[in-house]
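Since we're looking at a predicted model, the values are computed, not measured.
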Amino acid sequence: AVELSSILKSDLLKNLDGHKKTFQEIHRTRSLEDMTERFNFVASSSELHLLKMEFLELKYRLLSLLVLAESKLKSWIIKYGRRESVELLLQNYISVIENSRFFEQYEVTYQILKRAAEMYAKANGSVEEVENVTKFMNETTSQWRNLSVEVRSVRSMLEEVIANWDRYSSTVASLQAWLEDAEKMLNQPEHAKKDFFRHLPHWIQQHTAMNDAGNFLIETCDETISRDLKQQLLLLNGRWRELFMKVKQYARVDEQDRMRKDYLDGVAALSTFAERASGKLSVPLEVSFLNVKMFIQDLEDIKQKVPVMEAQYKVVTRTAQLVSKEIPQEEVNEMLATMSGMKGQLSKVKECCPVMLYEYQQLLSPLEELEKQITNFYESVERVSEIISVLDPEVQPADVFKQKHQDLIAYQENCKKAVSMVERNSQSILKFLTSSKVLHHFNPSMLQKKVTEIQVLFQNMVKKTGDWRKNVEANSRLMKKFEESKAELEKVLQIAHCCLKEKGNPEELLRKHTEFFNQLDQRVLNAFLKACDELTDILPEQEQHTLQEAVRKLHKQWKVSTDM
C-alpha cells in the first residue's frame, strides 16, 4: 500500500502541468459549475442511497436465512431410512437450528430489517417503492410464519421415528424369543402351560406395541424399508395368530386375577381414606387456636379428596361387577356388603365435612383473639414482676423510680383488662362449643385450666404488688426519718465546728462554749443511730457499707465535739 501510494504521488507530480491545463480548461468553459451541481446532487441523495443499501443488505441476509431453512427442511422431511440415518438427521438439525440459535438469528435480523425498511420507505417517498418494500415485508412474514412451524416440528418428528425404531426393535426381539419358547410349551402338560401363559396379557400388549410401531415406520420410511417391515410383521403376526388361537383361554385366568387384585387394592385405598377421615371427625381434641387451625387444614384436605374417592369408588364398583361374574354367590354377597358399607362411610364424610369446616372456621377467629389476649396478659405480668423484683426502689434515681412506678400502674391495668377479656371470650367460646351439634368431640378442659391459671396468677400478682407498695412506703418512711435525723445531727455538728473556730476573748469564748456544749442533747445522736440501724435492715448488702462509713464519720465528729 505504501509503495502504491508513492507511485501515485510520483505520477501526479510528473503530470502537474497537464493537470494545471485541465483545470484551466474546466474553468474557461465553466464546467466547474456543472461539477458543483453534480456534487451537490450526490451529497443530497447520499443519505437515501445509504438507507437503501442498508435495507438491501439486510433484505438479502434475511433471504439467505429463509433459503437455508427451506433447503434444510427438504432434507429433513423425507421418507426415512434405518435408525442410524435418522439419528444423523437429528444431529444435523440440532447443529443447524439449535446450536447456532437459528430462530434467534432470524428474529434479530428481521427486527433490524423492519426498522431499516421503515426508515428507507419514509425517506424515499416514492409510492411505488413504498409498496414494493411493504409487499416484500408482508410476503416474508407470511412465508416465515409457515416455514417456522414446519422447522420447529422437525425435531419431534425425528425423535418420534427414533422412538418407534427402538420400540419396534425391542418388541420384535423379545416377542420372537417368547414365541420360540411358547411354541415349545404347547406340547407340555396342562399345569405347565397354565403357569407359562399366565403372563399372556403382557405379551398381548407387547404384540400390539410391535404392530403400532411397525405400522408407523411403514408409513414414514422409504419403500425398501417399508417392504422389509411388512414382510417381517406378516411372518410374526402369522405365528402369533396361530399360537394365540391355542392359548387365548389362559388370558382370561390371568385377567381375572388382575381384576381381583385391582378390586382389593381399591377397597384398601377407600378403607384407609374412610377410616382416617372418620377418625379425624370424631377424635377428641383439646380446644386451642393451633389445634383448630391444624384441624381445619386436615378437613380441607379431606374435602378435596372426597371427589377423588367417589370416582375411585365407581371404578372399584365396576371392577367388582366384572369379578362377580366368575366367583361363587357367597363371595358376591360379601363384595356387595363391603361396597355398601364403603358407600355409607363416604356419604357420611361428604355430608359432615363441609358443616364441620364451617363451624371450625367460625371458632378460629375468637380463639386467635383469645391467644393474643393471653399472650398480652403474660407479657404484662412479666413486666410487673421485673419492676417489683427490685428490693429497694428508693436506691434508684428519683426520675427513674417515678417512671417505673407509672409503668407498674399501666402494666397492672393491662393485666386487669386482659383477664377480663380472656374470661369474657373464653365464656363465649365455651357457649359456642356447647350449642354446636358437630363439635362435641372438642375437649375444653385445657382452655378452662388455662383461664383458671391466669385468674390465680392475676390474684397473686395483685397481692405481690400490694406488698411491694407497702414495703416501698415503709422504706420511704425509714429513709425520711434517717434523712431528718442526719440533717439535725449535721446542723448541731456544724454549729459546734463553728464554735471551735470562733476567735475572741478567751474567757468570753470559754463561757459561751461551755454553755453551748453543756446543752448538747445526746438524744440527737441516739435518734440518728436508731434511724441508721432501721435503714440498714432494709438496704442490700452492697449499699450498707456506704451507710456505715457515713455513720462512723458523723459519730466521730460528735465525739470530737463533745470531748472538747
Is the shortest distance from a Lys or Arg side-chain nitrogen in R155 or E98 to a carboxylate oxygen in the other one below 4.0 Å? yes
Could you walk me through whether N425 and Q373 satisfy the side-chain hydrogen bond (donor to acceptor under 3.5 Å, both in side chains) test, starting with their C-alpha distance in whole Å, then the side-chain angles of each, then the deciding distance to 0.1 Å, before giving a yes or no? CA-CA 9 Å; N425 286 350; Q373 293 159 1; 2.8 Å; yes
Step through it carefully: locate the ring centre of W203, locate the ring centre of F244, and say whether they are under 6.0 Å apart. no
Residue pairs meeting ring-ring contact (aromatic ring centres under 6.0 Å, His included), one or both in residues 57-78, sequence neighbours left out, come to W76-Y93
Would you please test W165 and E84 for side chain to side chain contact (heavy atoms under 4.5 Å, CB included) and show each step? CA-CA 10 Å; W165 269 118; E84 295 76 13; over 6 Å; no
Derivation and outcome, side chain to side chain contact (heavy atoms under 4.5 Å, CB included), residues L89 and Y80: CA-CA 9 Å; L89 289 177; Y80 301 107; 3.9 Å; yes
Is the closest basic N to carboxylate O distance between D301 and R276 below 4.0 Å? yes
Considering only residues two or more places apart or on different chains, which pairs with a residue in residues 309-320 satisfy side-chain hydrogen bond (donor to acceptor under 3.5 Å, both in side chains)? E310-K350
Side chains of K72 and V151: does their closest heavy-atom pair fall under 4.5 Å? no
Derivation of the side-chain hydrogen bond (donor to acceptor under 3.5 Å, both in side chains) call for Y168 and Q232: CA-CA 11 Å; Y168 179 77; Q232 188 175 35; 2.6 Å; yes
Any chance CD of E300 has more than 12 other-residue heavy atoms, nucleotides or ligands included, within less than 6.0 Å? yes
Evaluate the salt bridge (charged side-chain N to carboxylate O under 4.0 Å, His left out) criterion for residues R82 and D228: first the C-alpha distance (whole Å), next the side-chain angles of each, then the deciding distance (0.1 Å), finally the verdict. CA-CA 11 Å; R82 296 286 176 182; D228 292 342; 3.7 Å; yes
Any donor-acceptor pair under 3.5 Å linking the side chain of S169 with the backbone of D166? no
Is there a side-chain contact between L58 and Y120 (heavy atoms, below 4.5 Å)? no
Aromatic ring pairing Y110/Y106, orientation class (parallel under 30°, perpendicular over 60°, tilted between): parallel
How many angstroms lie between atom NZ of K230 and atom CG of L233, to the nearest 0.5 angstrom? 10.5 Å
Identify the two heavy atoms, one from V133 and one from A117, that lie closest to each other, and give their separation to 0.1 Å. CG1-CB, 3.7 Å
Heavy atoms of other groups near E334 CD, more than 12 under 6.0 Å: no
Flag if over 12 foreign heavy atoms under 6.0 Å of NZ, K79: yes
Mind checking salt bridge (Lys or Arg N to Asp or Glu O under 4.0 Å) for E104 and listing every partner two or more places apart, or none if nothing turns up? R101
Examine the side chains of E107 and Q111 and answer whether a donor and an acceptor come within less than 3.5 Å of each other. yes
Which residues pass the side chain to side chain donor-acceptor pair (under 3.5 Å) test with E330, not counting sequence neighbours? none
Taking the side chain as every heavy atom from C-beta outward, state whether L243 and L186 have any atom pair closer than 4.5 Å. yes
Tell me whether K114 at atom NZ has more than 12 heavy atoms from other residues, nucleotides or ligands lying less than 6.0 Å away. no
Minimum heavy-atom distance V130-A121, with the two atoms named: CG2-O, 3.5 Å
Is a donor on one side and an acceptor on the other found under 3.5 Å between the side chain of N132 and the backbone of E128? yes
Steps toward side chain to side chain contact (heavy atoms under 4.5 Å, CB included) verdict (L88, Q91): CA-CA 5 Å; L88 290 175; Q91 291 174 6; 3.9 Å; yes
Is any side-chain heavy atom of V306 less than 4.5 Å from a side-chain heavy atom of L346? no
CG of L62 to CD of Q105: how many Å apart, nearest 0.5 Å? 11.5 Å
Side-chain donor/acceptor pairs under 3.5 Å, residues 210-221, sequence neighbours excluded:
unit_1, atom_1, unit_2, atom_2, d
N211, OD1, N237, ND2, 2.9
N211, ND2, H207, O, 3.0
N211, ND2, H207, NE2, 3.2
N211, ND2, N237, OD1, 3.2
N215, ND2, N211, O, 3.0
T220, OG1, F216, O, 3.0

Does the ring of F136 carry K59 above it, NZ/CZ under 6.0 angstrom from centre and within 45° of its axis? yes
Once salt bridge (Lys or Arg N to Asp or Glu O under 4.0 Å) is applied, do any residues pair with E57, and if so which ones, sequence neighbours excluded? R61
Electrostatic pair E87:R83 at N-O distance under 4.0 angstrom: yes
Under the side-chain hydrogen bond (donor to acceptor under 3.5 Å, both in side chains) rule, what do Q345 and E275 come out as? Steps first, then yes or no, please. CA-CA 9 Å; Q345 286 181 297; E275 289 172 6; over 6 Å; no
Does V267 reach the side chain of S271, with side-chain heavy atoms less than 4.5 Å apart? yes
Between F196 and V247, is there a side-chain heavy-atom distance shorter than 4.5 Å? no
Thinking salt bridges, do K122 and E118 make one under a 4.0 Å N-O criterion? no
Assess the residue pair T134 and M137 against the criterion (side chain to side chain contact (heavy atoms under 4.5 Å, CB included)); give the C-alpha distance rounded to whole Å, side-chain angles, the decisive distance to 0.1 Å, and a yes or no. CA-CA 5 Å; T134 304; M137 295 302 295; 5.9 Å; no
Would you mind telling me which of R198, K193, H199 makes a side-chain hydrogen bond (donor to acceptor under 3.5 Å, both in side chains) with D195? R198
Candidate pair K52 and E129, rule salt bridge (charged side-chain N to carboxylate O under 4.0 Å, His left out), full reasoning: CA-CA 11 Å; K52 182 177 182 180; E129 190 66 11; 5.0 Å; no
Within the 4.5 Å heavy-atom criterion, are E54 and M119 side-chain neighbours or not? no
To the nearest 0.5 Å, tell me how far E379 CD sits from R383 CZ. 9.5 Å
Nearest 0.5 Å please: distance from the OG atom of S85 over to the CD1 atom of I225. 6.0 Å
When you measure from the side chain of S142 to the backbone of N138, do you find a donor-acceptor pair of N or O atoms at a distance under 3.5 Å? no
Compare all side-chain heavy atoms of D222 with those of S226 and state whether any distance is below 4.5 angstrom. no
